[in-house]
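Take a look at the structure below.
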Amino acid sequence: MSDKKVRVRFAPSPTGGLHLGGVRTVLFNYLFAKKYKGDFVLRIEDTDQNRYVEGAEQYILDCLKWCGITPDESPVVGGQYAPYRQSERKPIYREYAERLIAQGHAYYAFDTPEELDAKRKEIPNFQYGHAHRYELRNSLNLPLQEVEALLHANTPHVIRIKMPQDDTISFNDMIRGYVSFDTNQVDDKVLLKADGMPTYHLAVVVDDYLMKITHAFRGEEWLPSAPVHLLLWEFLGWKAEMPEWAHLPLILKPDGHGKLSKRDGARLGFPVYAMNWLDKKTDELTPGFRELGFLPEAFLNLLAMLGWNDGTDQEIFSLDELIEKFSIERISKAGAKFDFEKAKWYNAEWIKRTDAESLKLKVWEILKENGVTVTDEAYLLKVIDIVKERCVLLPDFYQQSAYFFQQPTEYDINSVKPKWTDAKTDFFNALVTALPELDSFEPAAIETRFKALAEEKGLKVGELMLPFRIMLVGGKFGPHVFDIAALLKPSETIIRIEKALEAFTS
RNA sequence: GGCCCGUUCGUCUAGGGGUUAGGACGUUAGAUUUUCAUUCUAGAAACAGGGGUUCGAUUCCCCUACGGGCUACCA
């Protein structure tokens, strides 16, 4: 690696929500930048006005924020190389495209999309390249005067790169190693569109150069166009400053074939986007990991492990640990099928490892959404500690802890009523009187008294535990029943026993 | 079709010329938990196939198969 300051960029196109693969690209960029104390740049690639979606850029910003990833330079915080939105850089690109034409590395093409469509239908495997470019309407084979006349008349045109013939373009990918391409197989990609906007190919090269990007991470789907980019770096005379490339393996559908898409989420019942995305045109909501109840730490963790590991058996990593341990050499080459079950496991692990204090706000929010008001913060923290090991997703906290804040409204009556006896009623009435007399309301003390009382009444403890639980909780779940009683305090425990007794005996 | 990339349990992966091919998720069985979850123990489960190279290949090379990506005035 050179001694230049590391600079990487995440360059999304604002066309909708950010999916798993996108966030993982952000993550790997970020990890690499921070590992080498470099800069992480956010650049918005909004060169396609047809696909531009309102709100998508804000979504990307919000998403990075949720993940705890802060860009050093971006459209909002600015930076030395502003603007960071390609649409705002529009005038820059034409100059470079013209320069390529002057050097003979690019040319004007006047063919309309319709004409090209017709060609594609007419000629099998049609490519706008060395085989056909001299039959088409471009500055390569039109007389100079005609080209000038067309240009002068503002005839819609694009600028295409002129791919060299019979050449091999190769480079060393940080993940894949040596990769090479035959230039005859690559077509003359459009560099500048008829609307004056650059295509990705031109924009990425120009901006990476201007923004002094040293390492370029992107999805493997970009590998086939790498030769175009490589050539552009060379033609523009910037080869010495070209970033090192890393083409990340793709995240694939869990079942069948192909890369993971938004549709798969709906089909398979798990989120594909980082956060909820509402399409304003169709009103269609694409669910996100955040809203489903994932912790950002878990989300990042599981994404990092999709195609990377540190060489040990460790699977749980914090963002700081990832930065410390990250290495490109350990990124795998093959695509990874996404497994939602494992994703949930990561979240459960993170919930278990996160202290109540850090979970507090999120749990409070979830309870509130479900109509449970929490006023005692210390009590909430105790509840979180006692139930968090049985929560996989954040919303599980509602089901697992609502009864700590409100009395059960329904009882799993079928689990108690058939086996109910007057002796049991007698026992619980006795318990009601015994409880307030306890010196300590610690779980162990309650348990001791509970068992002693059962013995006095000649009842089996086992037959009383479940009814007691259902009295306090309403159902067959939750932490140890005496722990629950202890948290509930004697007064509330007694109220619940009495209330349940009515339901059980009526 | 063409070009490019890839291929270890169902899934994510470790490993690497001689290993009982390791871990994790999931799964199965058992223990603990007088509920559920957790936790613990044990089990089933993989080197795509064929040729080389080699004393020896899952590991290196080639071919095939399969998978994936690209093949737009989309990124």
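Just so you know, these numbers use all the heavy atoms, side chains as well, and skip hydrogens, waters and symmetry mates. As the structure is a computational prediction, the values presented were derived from the model and not from experiment.
Counting non-hydrogen atoms under 4.0 angstrom, A:G475 reaches nothing in the nucleic acid. Among the heavy atoms of the strands lying under 4.0 Å from A:V158 is at least one base atom, whether or not backbone atoms are also near. Residue-level contact check: A:T112 touches the bases, meaning some heavy atom is under 4.0 Å from a base atom. A:H157 comes within contact range of no nucleotide atom at all, as no heavy-atom separation falls under 4.0 Å. Residue A:K344 is out of contact with every strand shown, counting any heavy-atom pair closer than 4.0 Å. As judged by a 4.0 angstrom heavy-atom cut-off over every strand, A:T15 is placed among residues making no nucleic acid contact. Using a 4.0 Å heavy-atom criterion, one finds that A:E389 contacts the bases of the nucleic acid, with or without backbone contacts as well. Within 4.0 Å (heavy atoms only), A:V387 reaches no atom of the nucleic acid at all. In this structure, A:D195 reaches neither bases nor backbone, as no heavy-atom distance under 4.0 Å exists between it and the strands shown.
In the set B:C4, B:U71, B:C12, B:U71 carries the atom at the smallest distance from any side-chain atom of A:K189. Comparing atom distances between the A:P224 side chain and each of B:U35, B:G69, B:C74 picks out B:G69 as nearest. For A:L306, the side-chain atoms get nearest to B:C12 when compared with the rest of B:A24, B:C12, B:C5. Picking from B:A24, B:U35, B:C5 the nucleotide with the shortest atom distance to the side chain of A:E220 gives B:C5. Side-chain proximity of A:Q185 to the nucleotides B:C73, B:U35, B:G2 is greatest for B:G2. Side-chain proximity of A:E221 to B:U71, B:G2, B:A75: nearest is B:A75. Comparing B:G69, B:A75, B:U33 by their closest approach to the side chain of A:T199 singles out B:A75. Nearest nucleotide to the side chain of A:R390, out of B:C5, B:C36, B:A75: B:C36. The side chain of A:S332 has B:U13 as its nearest neighbour among B:U13, B:C25, B:C3. Nearest to the side chain of A:K193, among B:A75, B:U11, B:U39, sits B:A75.
Pair assignment for B:A57: none, as no Watson-Crick or G-U wobble contacts are both less than 3.5 Å. The pairing partner recorded for B:U19 is none, the criterion being a Watson-Crick or G-U wobble arrangement whose two distances lie under 3.5 angstrom. Under the Watson-Crick or G-U wobble criterion, with both distances below 3.5 Å, B:U39 is paired with B:A31. With a 3.5 Å ceiling on both atom-pair distances, B:A14 lacks any Watson-Crick or G-U wobble partner. Base-pair partner of B:G67: B:C5 (Watson-Crick or G-U wobble, both distances under 3.5 Å).
Aromatic rings of A:W233 and A:F171 (six-membered ring for Trp) have centroids beyond the 6.0 Å cut-off, not under it. For A:Y403 and A:F477, the distance between ring centers is under 6.0 angstrom. The six-membered or imidazole ring of A:H229 lies near that of A:Y200, with a centre-to-centre distance under 6.0 Å. Two rings, from A:F427 and A:F450, have their centers less than 6.0 Å apart.
Phosphate proximity of B:U13 to A:K342: absent, as no side-chain N or O sits under 4.0 Å from OP1 or OP2. Side-chain nitrogen and oxygen atoms of A:R160 include at least one within less than 4.0 Å of the OP1 or OP2 phosphate oxygen of B:C73. Between A:R120 and B:C73 there is a side-chain N or O to OP1 or OP2 distance below 4.0 Å. OP1 or OP2 of B:G15 sits under 4.0 Å from a side-chain N or O of A:R330. For B:U33, the OP1/OP2 oxygens have no side-chain nitrogen or oxygen of A:K476 closer than 4.0 Å. Look at A:N309 and you'll find a side-chain N or O under 4.0 angstrom from OP1 or OP2 of B:A14. Of the side-chain N and O atoms in A:K352, one or more sit less than 4.0 angstrom from OP1 or OP2 of B:U39.
Protein atom CZ of A:F338 is 14 Å distant from nucleotide atom P of B:G26, rounded to whole Å. If you take OH of A:Y107 and P of B:C73, they are 11 Å apart, rounded to a whole angstrom. The separation between A:Q400 atom CD and B:U35 atom C1' is 11 Å, rounded to whole Å. One can place NZ of A:K333 at 14 Å from C1' of B:U8, the figure rounded to the nearest angstrom. Distance A:L230 CG to B:C3 P: 20 Å, rounded to the nearest Å. The distance between atom CG of A:N125 and atom C1' of B:G1, rounded to the nearest whole Å, is 5 Å. For A:W308 and B:U13, the CH2 to C1' distance is 12 Å, given to the nearest whole Å. Atom NZ of A:K424 and atom C1' of B:U34 are 12 Å apart (whole Å).
Comparing A:L466 and A:G335, the nucleotide of RNA chain B nearest to each residue sits closer to the 5' end for A:G335.
Here the SG-CG distance, from A:C391 to A:N347, works out to 10.0 Å after rounding to the nearest 0.5 Å.
Nucleotides B:G6 and B:C47, compared at atom C1', are 15 Å apart to the nearest Å.
For A:D385, the salt bridge (Lys or Arg N to Asp or Glu O under 4.0 Å) partners at least two apart in sequence or on another chain are A:K388.
Geometric assessment of A:K417 against the ring of A:W420 yields a negative cation-pi assignment under the 6.0 Å and 45° thresholds.
Among A:F270, A:F289, A:W350, the one residue that satisfies the ring-ring contact (aromatic ring centres under 6.0 Å, His included) test with A:F294 is A:F289.
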